[in-house]
Number of protein chains: 2
Amino acid sequence: MTDPRPRWTRAQQRRQTEDNILAAAREMFARLGYDRTTIRAVAKAAGVDAGLVMHYFGTKDALFSRAAEVPAGDLPHGSAEETVEALLDSLASRLASEPVASLAVLRSMLTHGDAADRYRAAAGPQLNQITASIPADDADLRASLLSAIVHGVIIERWLLQFSGLADASPDRIIELLRPAFRALATAQTPPSTTDDPNR
Amino acid sequence: MTDPRPRWTRAQQRRQTEDNILAAAREMFARLGYDRTTIRAVAKAAGVDAGLVMHYFGTKDALFSRAAEVPAGDLPHGSAEETVEALLDSLASRLASEPVASLAVLRSMLTHGDAADRYRAAAGPQLNQITASIPADDADLRASLLSAIVHGVIIERWLLQFSGLADASPDRIIELLRPAFRALATAQTPPSTTDDPNR
DNA sequence: GTCTATAACCCGATAGAC
DNA sequence: GTCTATCGGGTTATAGAC
C-alpha cells in the first residue's frame, strides 16, 4: 500500500536539502564567523552527512559564497535630503531585523578576505548613490562617513550586542541620527573655530 | 679572548625576547585575527622556537591577552561641548595612527569572545563619561551612537581600508564629524518634519 | 544519491634531551 | 633556558562502498 511515486521529484528533494544546508550554514556563519564554522557542524545542524555538503557545494568557500549571498541594497536617486531619508529608512529596517546572510558577511568580514570583498561589493553601489546626491567637493568622504556610521551601529547592535544599542527602539535611533546625517549630507562650512584659509 | 660575561643579564635577555615575541604577536593578531594567527608563525616572526613561546606564555589565549593589552582610554570630565571636543581629539589621534594592540582587539572582536570582552571593557568607561556629560533622558543611547560612529570609522579606515576613509586626512574627517557629534551630544528636538506629540 | 572511511594536513600543547 | 620531537585532536577534502 505504499505509494511508489515520491511526493517530490529528485530535483525538488535535492533543492530542499540544499536549502536546509544553506539555512544552517547562514545561521552558523552569522553566529561564529567563517573560521569557526565547520562543515561537520553545518551538516549536523541540517540533519545530513558532512560528505553530502561537500558533494553539493564542493568547498567550504563555495558554501560560504552561496550562504552569504546578499542582495545589493540600492537607494533611490534624489536630492541630499531625500537620500538621507532613504538611508534612514534602510537603517530602520536593518535595525528591526537584519537578514542572516548579511550578518554572516559582517561577522566574517574582518578575518575572511572573501567576506570583506562581499561587504565592499554590497556597500559600493549605495556609497556611489550617496556620493552623487551630495553637492560638495568632499562628497565621497561624506558618503563614506555616513556608510561607516550605519555599519558601526549595525555591528554594535547585532554582533557585539552593546547594551544601549542592542535593545534601543529603531525609531529613537533614527530620530537621533537624522540631524547628524543631515549635517553630513548638506555641505556647509561650520561658522566655528577656525578661519577660512580660502578667503 | 671571549668575554665570559654576557652583555645582558639572563632576566634582561628574557625580557628582550618576550618583547620581541609580543611585538610579532601583536602585528599578526592585528593583521590576521586570533584564529588565523598561529603560535608557530609568531615564533618564526620573532626568530625563536614555538616551544619557547608556549614556555613563556603558557597558552595562546594568554599570549593574546598580553599582546592585546590596551590602556583604558578615558576622557576628561566636562560639559557636553568639551566632551565632544575631547572625543574628536581622541579620534583624530586614532586616525593618524592606531596602536597595533588596539587593532589586534578590533580585528578579533567579532569572532573571539575574549577580544569582544576586551573591547567592551575598553569602551565602557569612555561611554560612561560621555553619558554623564550629556544632559538628556536618552544620554546613554546618544553616547552609544557616538561610540558606534567612532568605532565604525576606525574599522573602515584601518581594518577594511575602505577607499575614501583609508586615505582621507584626519583633520577633514574631524571637521565633518564635529557638527554630527554636536547634534548627538546636545539634546534638541529638531524643528523638522514631524509634529511634536508631547504638546 | 547518500553516506562511511580515511587520507593529508595543521593546530595547540606536552615531555624530555641538551 | 632553549629547542626537538611528538602526542592527541581537529580540520577540509577525497575515494569508494552501498
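Quick note on labels: first sequence line is chain A, next is B, and so on, each numbered from 1.
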All N/O contacts under 3.5 Å from nucleotides 13-18 of chain C to the protein, with atom names and distances to one decimal?
from, atom 1, to, atom 2, distance (Å)
C:dA13, OP2, B:Lys60, N, 2.9

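For residues 89-131 of chain A, every residue pair satisfying the ring-ring contact (aromatic ring centres under 6.0 Å, His included) rule, not counting sequence neighbours, is listed here: A:Tyr34-A:His112, A:Phe64-A:His112, A:Tyr119-A:His151, A:Tyr119-B:Phe162. For residues 38-60 of chain B, no pair satisfies side-chain hydrogen bond (donor to acceptor under 3.5 Å, both in side chains), with sequence neighbours left out.
At whole-Å resolution of the value, CZ in A:Arg14 and P in C:dT2 are 8 Å apart. The interatomic distance linking A:Asp35 (CG) with C:dC11 (C1') rounds to 13 Å, in whole Å. Counting to the nearest Å, the P atom of C:dC10 and the CZ atom of B:Arg36 are 15 Å from each other. Rounded to an integer number of Å, the gap from CG of B:Leu52 to P of D:dA5 is 17 Å. Remark: P of C:dT2 and CD of A:Gln16 are 12 Å apart, rounded to the nearest angstrom.
Under the rule for a side-chain contact (heavy atoms from CB on, under 4.5 Å), the partners of B:Ala25 that lie at least two apart in sequence or sit in another chain are B:Phe29, B:Val42, B:Leu63, B:Ala67. Residues passing the salt bridge (Lys or Arg N to Asp or Glu O under 4.0 Å) test with B:Asp140, sequence neighbours excluded: none. Residues that satisfy the side-chain contact (heavy atoms from CB on, under 4.5 Å) test with B:Glu69, not counting sequence neighbours, are B:Arg66, B:Arg118. With sequence neighbours excluded, the residues satisfying side-chain contact (heavy atoms from CB on, under 4.5 Å) with B:Leu32 are B:Met28, B:Arg36, B:Thr37. Among residues two or more places apart in sequence or in another chain, the side-chain contact (heavy atoms from CB on, under 4.5 Å) test is passed with B:Glu81 by B:Ser79, B:Arg182, B:Thr186. A:Arg15 is linked by a salt bridge (Lys or Arg N to Asp or Glu O under 4.0 Å) to nothing, counting only residues two or more places apart in sequence or in another chain. Take A:Arg14 and apply the salt bridge (Lys or Arg N to Asp or Glu O under 4.0 Å) test, not counting sequence neighbours, and it matches A:Glu18.
A:Phe57 comes within contact range of no nucleotide atom at all, as no heavy-atom separation falls under 4.0 Å. Backbone-only engagement by B:Thr37 is indicated by non-hydrogen atom pairs under 4.0 Å involving sugar-phosphate atoms exclusively.
Of the residues in residues 105-118 of chain A, none lies under 4.0 Å from DNA chain C by heavy-atom distance. Residues of residues 21-33 of chain A having a heavy atom closer than 4.0 Å to DNA chain D: none are found.
Look at B:Arg172 and B:Glu175 and you find no salt bridge, because none of the NZ, NE, NH1 or NH2 atoms lies under 4.0 Å from a carboxylate O.
Within the 4.0 Å cut-off from OP1 or OP2 of D:dG1, not a single side-chain nitrogen or oxygen of B:Tyr56 is found.
Considering only heavy atoms from C-beta on, A:Arg178 comes within 4.5 Å of A:Glu85 through its side chain.
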